[in-house]
Amino acid sequence: MTSHRKFWWLAGSLVCVLGAPAGAAEHTVHMLNTSKTGQGNMVFEPAFLKVAVGDTVVFKPTDKGGHNSVSTFLPPGAKAWKSGTDAELKVVIEKEGVYLYECFPHRVMAMVGVIQAGKPTNLADAKAAADKAKTAFAMNKDRLDKALSQVQ
Ligand SMILES: [Cu+2]
C-alpha cells in the first residue's frame, strides 16, 4: 500500500469509529420458521430483548417464511414500525419503555416479541395491550406472557 493510500484507509477507519454514537449497540432478532431453542414454529428469536435507549434492533428474515415485524404497542412518543414481507428492518429505539410487536401474517400463531429499553415505565399499559393481543392467538398462547415476564 502506498503511503497516500494508507492515509485514506486510516481516514476511512476513523470515520467508521467516530460515526457510531458512543455506546450504541446493535441487536439482531431473527425471524424463523422453526425456533432454534424449542419454542415451536413461527418465532422471533430472541422473543425478549433488553436494550439501551439509542440502540438499534435489526429484524432479520433469517428464514423466508412470509414474515414481517410490525410494532403493536409503544412507549409514548415512540415511532411505529412495519417491515416489508421477508425484508430486513433496522429500528433505532429512541424512547424508554416496553415495546410489543408481531409478525402480522403469523399473529394467530403468536409470532410476537417484546423489547425493553431502559426502565419499564409503561409496563402496566403494555400488559393491558398484551391481554388484548392474546385474544387473537389460536396457538402458543403463553408466548407473549413468557416474553413479558422477562421485563424487569
Ligand atoms: Cu411470521
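Note that ligands are numbered from 1 as they come in the structure, with each ligand's atoms numbered from 1 the same way.
Around the NZ atom of Lys119, the shell of radius 6.0 Å holds no more than 12 heavy atoms that belong to other residues, nucleotides or ligands. The neighbour count for Lys134 NZ, taken as heavy atoms of other residues, nucleotides or ligands under 6.0 Å away, is above 12.
Under the 4.5 Å side-chain heavy-atom criterion for Ile, Leu, Val, Met, Phe, Trp and Tyr, Ile115 and Leu144 are members of distinct hydrophobic clusters.
Between the CG atom in Asp131 and the CG atom in Asp145 there is a gap of 7.0 Å [rounded to 0.5 Å]. Here the CD-NE2 distance, from Glu45 to His30, works out to 8.5 Å after rounding to the nearest 0.5 Å.
For the Cu ion (ligand 1), the count of nearby protein N/O/S atoms, taking only those under 2.8 Å, is 4.
Ring orientation note: the planes of Trp81 and Tyr101 are tilted relative to one another, at an angle of 30° to 60°.
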